[in-house]
Amino acid sequence: MSCLFVISARAPGASTSAGGEAAAALEHAASPPAVWDAVGALLRAAAALGTAEPAVDRETLRSLLAGLAALGLAGPHRRVRLHSARPETALPDGLRPAHREGAPEEDVFRLALAAACPGDPWPAGPVDNAVLADAVRRLGGRLGARVPALAAVAALHLLEHFAGQGPAERRWTLRRLTWLTDPRAADAPELMRLLTGPEDLLVRLPATSGAPSGTDDDEEPLPLADWHRPPGNPGEERRLGGRVQAVRRHREWTFADLSWADRTVQLAFDAGHPLRPRPGDLLAVRGHAGHSRTGAPVLFVDEVLRHRPTRSVGAARRTRPLTDTGGGAAVADALRPELGALGFAEMASPVLTAAFYGGASRPFTTRHASRNRPLYLRVTTELDLLRRLAEGRTRVYEIGASFRNEPLRGDAVKEFTMLEAYAADLRLEEMTVLVAGLVARVLGDDRPPRWTTFDEAFTETSGVHPDDEAAVRRLAAGQGTPDPAGAIDPQVLVRRLWRSTFRHRLPGVALVHRIPGPASPFIAGDGRDARRVWLSVDGVELAETSANERDPDRLARRLARQFRDDPHPVHRDYRDVLETFADGVPPCVGVGLGLTRLAGLHATRRRPDTTEEHRQR
């Protein structure tokens, strides 16, 4: 990491030898019994956050103050005379404490960093992780190093330097402080190693190998229809897809249990077959029915149609029991039987989560009282539903509340009801038509949907083609969209104009594709090639259908890019998510449908004075 703020060069011979540890231990032992006021020290130092320019936003400030106070309350912490404050202790000026007393962990923190920084002390310069871990273990063993107290000391150190930092350095410090209020570290060496490392501590992504993952780019669904057919007669052909649960290898044959949606079949590969399946692999085969020597039914494999090997241990996971999400809204009640008839199983995912998922959206945050840990209101149910597909479900959905702690725009709300659904046996076009039909039946609207590109839809509603830069700028000026000195990219202007004005003018039932601009990291493709479609009914964008990206390495890189400039300091832990993708999410398509918008449109259609108007549009 580049230097963040300047600290004077370290003095030679920092006192971290065995003699220095012994001297610090004697200093602590000779201190009169007292308690370190961690809350007071942290909140006094945090005053710098309230006077920063540019100002720290109120939500971040409120969250940090609450977290720092909770961190200080994790004591009581002993107060001792600090060995690192003595003039004869050789320390860089940037690591010498301004106060003579503090927690024992303060000596551990400062003396360990002095030993581990070959040049300017952290965070101005790099840290030798091996030396740091060894110093923390030695000092902690002699002086004591509890994780909450060490985190409080580290937070105090960063706060004391906050006022002298520039905007970029302050943003980095705010993210480190946010992590320190909930460090998620098992012991003192791990806390120090993570704190002084270069990675963004708030976004936990596994390291990517950069090597090909074995993911094919074929979006065709797995062959799942034959699972619903009765067991075949000897010699009858079957095409089946699923996940390998167990493998048994014999001299002449290899047997594998292939499962999907609580059904299992035994596959048989002859000794000469090149495939060596492993538990957890996603597999699609063509074969003929038969029986083993013991009379058990077997599908003898003639051809392997698809194969994606698992990349982690324990890929075959048990599906959680289904539970009803409840709900009494008329639209939700109308949707559930429709979805059930289409083969979708309802799921329920937690509303409060220990880690935060949902792209760059800002969450609502609360705290778990007994564990003193933050919890987050979910932004999306997408990732829980994708796990269900990875576990062997074919079609799943959830109707429930999602929450976004963002500025209100127009008639937007911070809590809204969403239908999210995913299917492993449909293509994107099939899912889009299915959702359009579902909406039509709920609304009682028999108009056929029409496919249109974004450029066609924009031209139809505005009279200007998006590629005509001069016309787009004139249109923006006429609509009052600020564009100082023509500095905004024309395509950005087009998207702003569409969102603010012209999408509301799109008539009829439209399926809009070839959409410019960034898409979710979880959607296959980029820009206009992103595999997504918007469903618009009389100018109301109700839903987005999309095909999912399945390559965990590509997904990890996309997430890392998205979070690099994330302005919100909040924990986002995607390690378990990417492990699910590494295990193998089957080719799948999904939809996010805003029930709040659909309910509003449904209510409008039911009013006698507006029904005919909508029919004529």
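As the structure is a prediction and not an experimental result, all values here were calculated from the model. Sequence positions, counted from 1, serve as the residue numbers for this chain.
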Do [X] and [Y] have side-chain N/O donor and acceptor atoms under 3.5 Å apart?
X: D37; Y: H77; value: no
X: T381; Y: D384; value: no
X: R528; Y: Q491; value: yes
X: S500; Y: Q479; value: no
X: W534; Y: E541; value: no
X: S84; Y: E106; value: no

- So, R514 and D529, do they make that salt bridge, N to O below 4.0 Å?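 Salt bridge present between R514 and D529.
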
- Task: Could you tell me whether E469 and R474 make a salt bridge, using a distance below 4.0 angstrom between a side-chain N and a carboxylate O?
- Result: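 Looking at R474 together with E469, the answer is no, because their closest N to O distance does not fall below 4.0 Å.
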
- Item | Minimal non-hydrogen separation, L578 against A556, with atom names |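 It is CD1-CB, 3.6 Å.
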
Measuring from [X]:[atom1] to [Y]:[atom2], what's the distance to the nearest 0.5 Å?
X: T60; Y: L177; atom1: OG1; atom2: CG; result: 11.5 Å
X: R558; Y: D553; atom1: CZ; atom2: CG; result: 12.5 Å
X: L95; Y: H157; atom1: CG; atom2: NE2; result: 5.5 Å
X: S402; Y: R404; atom1: OG; atom2: CZ; result: 7.0 Å
X: S546; Y: Y422; atom1: OG; atom2: OH; result: 6.0 Å
X: W122; Y: D128; atom1: CH2; atom2: CG; result: 15.5 Å

When you compare the side chain of [Y] with that of [X], does any pair of heavy atoms fall below 4.5 Å?
X: H571; Y: R184; value: yes
X: L377; Y: T365; value: no
X: L352; Y: T366; value: yes
X: F403; Y: P363; value: no

- Item | Option passing side-chain hydrogen bond (donor to acceptor under 3.5 Å, both in side chains) with D107 (candidates R81, H28, H83) |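 Of all the options given, the one that passes is H28.
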
- Query: Are N548 and L386 close enough, and set up right, to give a side chain to side chain contact (heavy atoms under 4.5 Å, CB included), and what steps lead you there?
  - Reply: CA-CA 9 Å; N548 278 79; L386 287 174; 3.7 Å; yes

For [Y], is there any backbone N or O sitting under 3.5 Å from a side-chain donor or acceptor partner on [X]?
X: T501; Y: W498; value: no
X: T196; Y: M192; value: yes
X: S31; Y: E27; value: yes
X: R96; Y: T89; value: yes
X: T178; Y: L174; value: yes
X: R193; Y: P189; value: no
X: R531; Y: A547; value: no

- Message: So, applying salt bridge (Lys or Arg N to Asp or Glu O under 4.0 Å) with D200, which one of R175, R171, R176 is it?
- Response: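 Output: one option passes, namely R175.
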
- Task: Show your working on ring-ring contact (aromatic ring centres under 6.0 Å, His included) between F458 and F502 and close with a plain yes or no.
- Result: CA-CA 7 Å; F458 188 88; F502 295 110; 5.6 Å; yes

- With Y574, the side chain to side chain contact (heavy atoms under 4.5 Å, CB included) member among L555, T580, L383: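 With Y574 as partner, side chain to side chain contact (heavy atoms under 4.5 Å, CB included) holds for just one option, L383.
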
- Task: Starting from the C-alpha separation in whole Å, work towards a yes-or-no answer on salt bridge (Lys or Arg N to Asp or Glu O under 4.0 Å) for E105 and R78.
- Result: CA-CA 9 Å; E105 286 80 3; R78 286 181 60 208; over 6 Å; no

- Query: Considering residues, nucleotides and ligands other than R473, do more than 12 of their heavy atoms fall under 6.0 Å from its CZ?
  - Reply: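 Yes, enclosed.
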
